[in-house]
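Side-chain atoms are counted along with the backbone in the values below, which use heavy atoms only and exclude waters and symmetry mates. Just so it is clear: chains get the letters A, B, ... in the order the sequence lines come, proteins before strands, and each one is counted from 1.
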Protein chains: 4
Amino acid sequence: MPEKEDIFEMLFENQENMTEKQKKILEAAVEIFSEKGYSGTSTSEIAKKAGVAEGTIFRHYKTKKDLLLSIIAPTMAKFMAPLFIRDFNKVLLSEHQSLEDFLRAVIINRMEYAKKHLPSIKILIQEIPFHAELRGQFKEHVMNKVYERLKVIVDAYQKKGEMIQLPPPSAIRLIASSILGFVIGRYLMFPEADWDDELEVERTIQFILHGLSVKQEEC
Amino acid sequence: MPEKEDIFEMLFENQENMTEKQKKILEAAVEIFSEKGYSGTSTSEIAKKAGVAEGTIFRHYKTKKDLLLSIIAPTMAKFMAPLFIRDFNKVLLSEHQSLEDFLRAVIINRMEYAKKHLPSIKILIQEIPFHAELRGQFKEHVMNKVYERLKVIVDAYQKKGEMIQLPPPSAIRLIASSILGFVIGRYLMFPEADWDDELEVERTIQFILHGLSVKQEEC
Amino acid sequence: MPEKEDIFEMLFENQENMTEKQKKILEAAVEIFSEKGYSGTSTSEIAKKAGVAEGTIFRHYKTKKDLLLSIIAPTMAKFMAPLFIRDFNKVLLSEHQSLEDFLRAVIINRMEYAKKHLPSIKILIQEIPFHAELRGQFKEHVMNKVYERLKVIVDAYQKKGEMIQLPPPSAIRLIASSILGFVIGRYLMFPEADWDDELEVERTIQFILHGLSVKQEEC
Amino acid sequence: MPEKEDIFEMLFENQENMTEKQKKILEAAVEIFSEKGYSGTSTSEIAKKAGVAEGTIFRHYKTKKDLLLSIIAPTMAKFMAPLFIRDFNKVLLSEHQSLEDFLRAVIINRMEYAKKHLPSIKILIQEIPFHAELRGQFKEHVMNKVYERLKVIVDAYQKKGEMIQLPPPSAIRLIASSILGFVIGRYLMFPEADWDDELEVERTIQFILHGLSVKQEEC
DNA sequence: TATGAATGAGATTTCATTCAT
DNA sequence: CATGAATGAAATCTCATTCAT
C-alpha cells in the first residue's frame, strides 16, 4: 500500500516548513491538551514545556484556538485517510477477502493508529463536543464520507451473503460500537490493565461475525 | 420497584434542605458545564444563568470544583443505584427471565436514564479523564462494583447455557459496547436524527444475543 | 436657567449609583487619556492612579474602549445640552437680544465650559478621528442637531438685518472658527500665556460682528 | 519661484538615497499613522502594508518613534518653508499687493498644501500634543518663526492702513482661525461634502477683510 | 442567607525590537 | 540590505474567591 504513505505525507507536508520551535510547540500542546483538556491548559504551560517564549506560540498560531485546530484538523484528516486510498474497495472487496479478514484488517489497523496517535485522538474526542465548528466539520467532512464508504462495503458483504440484511446505518453502528468499544477500553480507559490483544481482537471479531451472521436465522 | 424510588430519594435527600437559589445554581451549573465543559465555564456565567449573585455560589460550594463534585457524585451514585436494589438478582435471574428479556430491560432502563440525565452524564464522561480523584473514585466505587454485579449475572446466564463461555470481562465489554454505542449515538451524537427506538433496541438485542449465542458453535 | 441644571443632572444621573472606586477610575482615565491619548494609556496606569486593582476597571467597563466611550458620550451630550434648554430660542432671540449680546453670551458660556471640562474635551477632539463609531455618532447626534439650531438663529439675525445674507453653513463656519480658534488657543495651545480674557473676547466679538456686518456693503 | 523648489528639495534630499523599500515604509507609515494614530499603529501593520519584513523597518529607523519623527520633522519644515523664500517680503508686501490678494494667495497656497499633504498634517496635529519634544520643537522652530514673519506682515498692512490696529497676536489669531477653520472643515472634517471652493475662499477672505477693516470704525 | 464590589493572580494576546541567516 | 523567527515585557482581559454590608 504505497498510496497510504503518500496520503499521510500529504497531510503532513506543511510540517516540512515548520521551524524546530513550532514543532516543539505542537508536540507540547498535544501532550498537555490531551492530559488536561483545551480549556484546562494555559499557553504559558505549553510554552514552558516546549522550551519557547510565550510570544512564539502566537507568532505561529494566531490564537490558542488556532493551535487546537491545527492539531485536530490533521487528526480528522488522518482518521479518514485509509478510506480514500486508491484501489481501496478493489482490494478489500475482492472475492478472496472475507468479512472476517476485513474486520481483522480494520481492527488491527485502527489499533495501530490509536496506539500511535493516542493523544491527538483523545483531544479530538474530548473537544469536539465543545466546539460547534469542529462538530460541523466533523459531521460534514468525516462522518458523512466515512459513512458513504462503509455503506458500500456493507452492501457488498450483504450481497455476498456474509452479512444479515440490516439497514447499513444499523450495521455500521453495531460494528463500530464493538470496535471502538474495544479500542477505547484498551487504550483510553484501561491502558494499564494487561490485555491479550490478539485474543481480544479475535473475540471482538467473532462477536461481530456471529452478531451479524446470516446463519443465525437458520439455527 | 418501589425500592428504586427509595434509593434515588436517598441520593437526593440533601436536595430537600436546599434553598431555591441553591437549586437554581445546580441546574445552571449542570446545563453550562455540559455545554462548555468545567474549565470552559465561569462561575459568573453560572451565577447569571441561575439568577443569583456571584458570591452566592460560594456560600453553598466552597470552590468551583466543589460545585462540580456535587454534580458528579450523585450522578455516579445514580448510575450504580439500579444494581443495588433489594431482590435485584432474585428478580432478574429468576428462571423466567431470559437473557433477551434481561437485555431488553437493561437497555430500556438505561435509555430512560440517559434521556433524563443527559447533561449530568455528559459532564461525568467529559470530566472524569481530567480529574484524578474522580477517576479513582469512579473506578473504585463504580466500575468495580458494577463489574462484580455484572459478573454474577454473566456467570448465571453462562450456567443457564444462554451465553457462550467467554471470560466475563470480555463478555461485559462486548455487551456494554453495544448498549453504550447505541445510547451514545442515540442521545449524544445524533440526537436529532430520526430514530425508530423500538426497532433499534431490538436490533441491538439480537446483535448481542447472536454475538454471544451458544448455538453459534453448532451452526 | 434652572433647566440647564436639570439637563446636566440628567446626563450625570448614572454617576449617582457609581461606586467611589468607579468615580476614581473615571477621573484617572480622563486625566491620563487627555495627557497621553487613548492608545498611549495603559489600563494598569489608570488603575494605579485611581488606586484600584486593574480588575476593578473591567468590572465596571467591559473593555478599555468602553471606558473611553463612557467618557466621550456624556461629553458629547453636554456639548449639545445648552442648545436644548427649554425656551432657548425664546430668550436668545428676543428683540432685546442683539447679535453682539448673543455672541458674548455664547463665547463666555463655552469658555467656562471649556475651562471646566478641558480634559474631556481634549479627549473628544483627539479620539474622534480614530474611531469610526464615534465619528458617526458625533455627526449624527451632535453636528446635525447643533447645525439645525444654529441655522434657526442665523436666520433670525439675518431677518433682523444684523447679519449679512450668507448661506447659514458658511456663516456658522466663520463664527465657529473664530470662537473655537479663540477657545482652542486660549485653553489648549497656549494656556500658560497671559491672556486678557475680557479684551480678547471683545476683539473676537467685534471681528465676527464686522466680518458679518450688513453695513459692510454700505461702506 | 525657483527658490521654493530649492527649499523643498533640501527638505527631501535624504529621500534621494532612500531604497524603494524605505520609501514604501514611509508611505505606509504615513497612511496608517494618519488613520489610527501613532500609538494605535503597530510596526507589523506598517511592514505588511509596505510589503517588507518587520525587521526591515528597524534597519532604517532605530525605533518606531524615529519613524514618526522622520515623518513629522519634514512636515514641520515644509510648513514653514514658504515663509523663508528669498524675497518673500519683497514680493508680498510690494505696494501692488493688497491685503486681499495676500490673503487669497495664502489661503490658496495653504489649501493646495493641505490637499497634498493631508495625512502628514493630520499626523502632525494629532501627535504634537502627546510628545513633549515635538511640542517644544514646534513652538520654538515653527510657531515663533512663523509668528515673527507674520508680525512683520501685519505691521506692514496696519501701516498701509489696510488693517485695524489690533495687537499682532490677536490679529494673527483671528486670521489664522478663519483660514484654518476653513481648511480643517474642508479637508479634515467634511471632505466629502460638496464645497464650492472658490466661493468659500472668497467668503472667508471677505469675512477677514471686513472683520479687520479700518473702515469699520467709520461706519 | 444573599449580595455584588473588589481583588490579584494569571490567562491570552500584542508588539517593538533583536539577531542569525 | 533584507528577512522573519524569536523574544520577553507589557497590555488587555478573565476569573475564582473574599468580604463588608
Side-chain angles (χ1 to χ4, degrees), chain A residues 17-22 24-25 39-47 50-67, chain B residues 18-22 24-25 39-48 50-67, chain C residues 17-22 24-25 39-47 50-67, chain D residues 18-22 24-25 39-48 50-67:
Chain A
N17 18 350
M18 263 182 171
T19 353
E20 272 315 301
K21 303 250 169 187
Q22 190 171 0
K24 291 273 187 161
I25 289 167
S39 291
T41 300
S42 76
T43 49
S44 81
E45 227 174 331
I46 296 170
V52 303
E54 208 166 348
T56 307
I57 293 176
F58 291 91
R59 166 157 291 277
H60 294 291
Y61 305 94
K62 270 216 305 280
T63 63
K64 188 187 167 193
K65 186 138 193 185
D66 247 42
L67 176 54
Chain B
M18 265 182 173
T19 71
E20 270 314 301
K21 303 245 168 195
Q22 191 170 0
K24 290 270 187 173
I25 290 168
S39 291
T41 300
S42 74
T43 49
S44 80
E45 223 174 335
I46 297 170
K48 203 185 293 168
V52 304
E54 295 195 46
T56 308
I57 292 176
F58 293 89
R59 295 243 127 234
H60 295 289
Y61 306 93
K62 263 215 318 271
T63 65
K64 187 187 168 193
K65 188 137 195 186
D66 251 39
L67 177 55
Chain C
N17 17 350
M18 265 183 170
T19 354
E20 272 315 301
K21 303 248 169 189
Q22 191 171 1
K24 291 272 189 157
I25 290 168
S39 291
T41 301
S42 76
T43 50
S44 81
E45 226 174 332
I46 296 170
V52 304
E54 206 166 349
T56 307
I57 292 176
F58 292 92
R59 166 157 290 277
H60 294 291
Y61 305 93
K62 273 217 301 280
T63 64
K64 188 188 167 193
K65 187 137 193 187
D66 246 42
L67 177 54
Chain D
M18 265 181 171
T19 72
E20 270 314 301
K21 302 247 168 194
Q22 190 170 1
K24 289 272 190 172
I25 289 168
S39 293
T41 300
S42 74
T43 49
S44 80
E45 222 174 337
I46 296 170
K48 203 184 295 167
V52 303
E54 296 196 46
T56 308
I57 292 175
F58 294 90
R59 295 240 127 239
H60 297 288
Y61 306 94
K62 264 214 320 270
T63 64
K64 187 188 170 192
K65 188 137 194 186
D66 252 38
L67 177 54

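If you measure from atom CD of C/Q22 to atom P of E/dA5, you get 9 Å, rounded to the nearest angstrom. For D/I46 and F/dA2, the CD1 to P distance is 17 Å, given to the nearest whole Å. Atom NZ of A/K21 and atom C1' of F/dG4 are 14 Å apart (whole Å). Rounded to whole Å, the distance from CD on D/E45 to P on E/dT14 is 12 Å. F/dT7 atom P lies 12 Å from atom NZ of A/K24, rounded to whole Å. At whole-Å resolution of the value, CD1 in D/I57 and C1' in F/dG4 are 12 Å apart. Atom P of nucleotide F/dT3 and atom CD of D/E20 are separated by 13 Å, given to the nearest angstrom. Rounded to whole angstrom, the span from the CD1 atom of C/I25 across to the P atom of F/dT12 amounts to 14 Å.
Closest of all the heavy-atom pairs between B/K21 and B/G51 is NZ-O, 4.1 Å. Here the closest non-hydrogen pair linking A/S39 and B/S39 is CB-CB, 3.4 Å. Here the closest heavy-atom approach between residue A/K62 and residue A/D66 is recorded as N-OD2, 3.6 Å.
For NZ of D/K48, the number of neighbouring non-hydrogen atoms (other residues, nucleotides, ligands) closer than 6.0 Å is 12 at most.
Here the side chains of A/T56 and A/T19 are not in contact, with every heavy-atom distance at 4.5 Å or above.
The structure places CD of A/E20 at 11.0 Å from CE of A/M18, a figure rounded to the nearest 0.5 Å. Rounding to the nearest 0.5 Å places OH of D/Y61 at 6.0 Å from CG of D/L67. With values rounded to the nearest 0.5 angstrom, C/H60 atom NE2 is found 5.0 Å from C/I25 atom CD1.
For the residue pair C/T43 / C/E54, a side-chain donor-acceptor distance below 3.5 Å is found, with atom types taken as modelled.
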Next item on the list: Treat a base pair as Watson-Crick or G-U wobble with both distances under 3.5 Å, then lay out DNA chain E in dot-bracket form, 5' to 3', with | for cross-strand pairs.
Entry: .||||||||||||||||||||
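Contact annotation: B/T19 side-chain N/O to E/dT1 OP1/OP2 distance is not under 4.0 Å. Dashed line: the shortest gap from a side-chain N or O of B/H60 to OP1 or OP2 of E/dT1 is not under 4.0 Å.
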Check: In B/S/- notation, 5' to 3', how is nucleotides 15-21 of chain F contacted by protein heavy atoms closer than 4.0 Å?
Finding: SBBB---
